[in-house]
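Have a look at the structure below, then the notes.
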Amino acid sequence: MTPFQKSVYRATMRVPKGSVTTYGRIAKSIGSLGAARAVGNVLNKNIDTVHIPCHRVVCANGKVGGYVHGQREKIRKLRHEGVVIKKGRVDESHIIDV
DNA sequence: GTTTTGACACCCG
DNA sequence: TCGGGTGCCAAAA
């Protein structure tokens, strides 16, 4: 596992339940500004959704983005944690910096 | 060493 | 608000 991937996973685990962050912000927080896309790639390769809450990572514009188990499932999980989602978009108030 | 691939971000019309 | 095009980055082939 590359150090970049470890950083991404660590950052992802920092996101508190009931809140979400964006790919770009994760990238910035681990010192790889502009690597939003690369971050997505890492999460995609990760199948270990049990140990890593990758469903709390969304797009900067509030769009949900993808998920290994399907977008539907991702949204369902988020709503389950109390995150408000309207028409496939996460409410801004839940998007935070870590 | 070079090319391809994405779970993005940003700008423009 | 929405779609399309462009730029960016790290990994894997």
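Because the structure is predicted, anything quoted here is derived from the model rather than measured. Each chain gets a letter, A, B and so on, in the order the sequences are listed, and its residues count up from 1.
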Review point. Can you find an N or O donor on one side and an acceptor on the other, under 3.5 Å apart, linking the side chain of A:Arg37 with the base of C:dC8?
Key: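 Answer is yes: a donor-acceptor pair is held.
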Expressed as a whole number of angstroms, how long is the span from [X]:[atom1] to [N]:[atom2]?
| X | N | atom1 | atom2 | value |
| --- | --- | --- | --- | --- |
| A:Glu73 | B:dA7 | CD | C1' | 15 Å |
| A:Lys28 | C:dC9 | NZ | P | 16 Å |
| A:Arg72 | B:dA7 | CZ | C1' | 17 Å |
| A:Tyr23 | C:dA10 | OH | P | 18 Å |
| A:Asn61 | B:dA9 | CG | P | 7 Å |
| A:Tyr9 | C:dA10 | OH | C1' | 12 Å |
| A:Asn44 | C:dA10 | CG | P | 17 Å |
| A:Ile75 | B:dA7 | CD1 | P | 16 Å |

Check your understanding: With sugar-phosphate meaning primed atoms plus P, OP1 and OP2, does A:Ala38 contact a base, only sugar-phosphate, or nothing at under 4.0 Å between heavy atoms?
Key ->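 Counting heavy atoms under 4.0 Å across all strands, the contact made by A:Ala38 includes a base.
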Practice item. Remember a base hit wins even if backbone is also touched, and classify A:Arg89 as base, sugar-phosphate or nothing at under 4.0 Å, heavy atoms. Key: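 Sugar-phosphate contact only.
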**Study point:** Exercise: identify the closest heavy-atom pair between A:Val83 and A:Val90
**Key:**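 Taking every non-hydrogen atom into account, CG1-CG1, 3.7 Å.
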Within less than 4.0 Å of OP1 or OP2 of [N], is there a side-chain N or O belonging to [X]?
| X | N | result |
| --- | --- | --- |
| A:Thr22 | B:dC8 | no |
| A:Thr2 | C:dA11 | yes |
| A:Asn41 | B:dG6 | no |

Check your understanding: Are side-chain N/O atoms of A:Glu81 and A:His55 paired as donor and acceptor at under 3.5 Å?
Key ->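 Looking only at side-chain atoms, A:His55 and A:Glu81 do form a donor-acceptor pair, the distance falling under 3.5 Å.
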**Study point:** Among B:dA7, C:dA11, B:dA9, the one nearest A:Lys45 by side-chain distance
**Key:**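 Closest of the options to the side chain of A:Lys45: C:dA11.
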Check your understanding: According to a 3.5 Å limit on both distances, what stems of 3 or more consecutive Watson-Crick or G-U pairs are formed with DNA chain B?
Key ->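 When the pairs of DNA chain B are grouped into runs of at least three, the stems are B:2-6 with C:9-13, B:8-13 with C:2-7.
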Review point. Is A:Thr21 close to A:Ile95 at the side-chain level, that is, under 4.5 Å between some pair of heavy atoms?
Key: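 The answer is no; the side chains never approach within 4.5 Å.
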Review point. If we only count heavy atoms from C-beta on, is the A:Pro53 to A:Met13 side-chain gap below 4.5 Å?
Key: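 The answer is yes, as the side chains (C-beta and beyond) meet within the 4.5 Å cut-off.
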Check your understanding: Could you state the interatomic distance from NZ (A:Lys77) to OG1 (A:Thr49), rounded to the nearest 0.5 Å?
Key ->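 It is 6.5 Å, given to the nearest 0.5 Å.
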Review point. Is atom CZ of A:Arg79 surrounded by more than 12 heavy atoms (other residues, nucleotides or ligands) closer than 6.0 Å?
Key: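 No - once you tally the heavy atoms of other residues, nucleotides and ligands closer than 6.0 Å, there are 12 at most.
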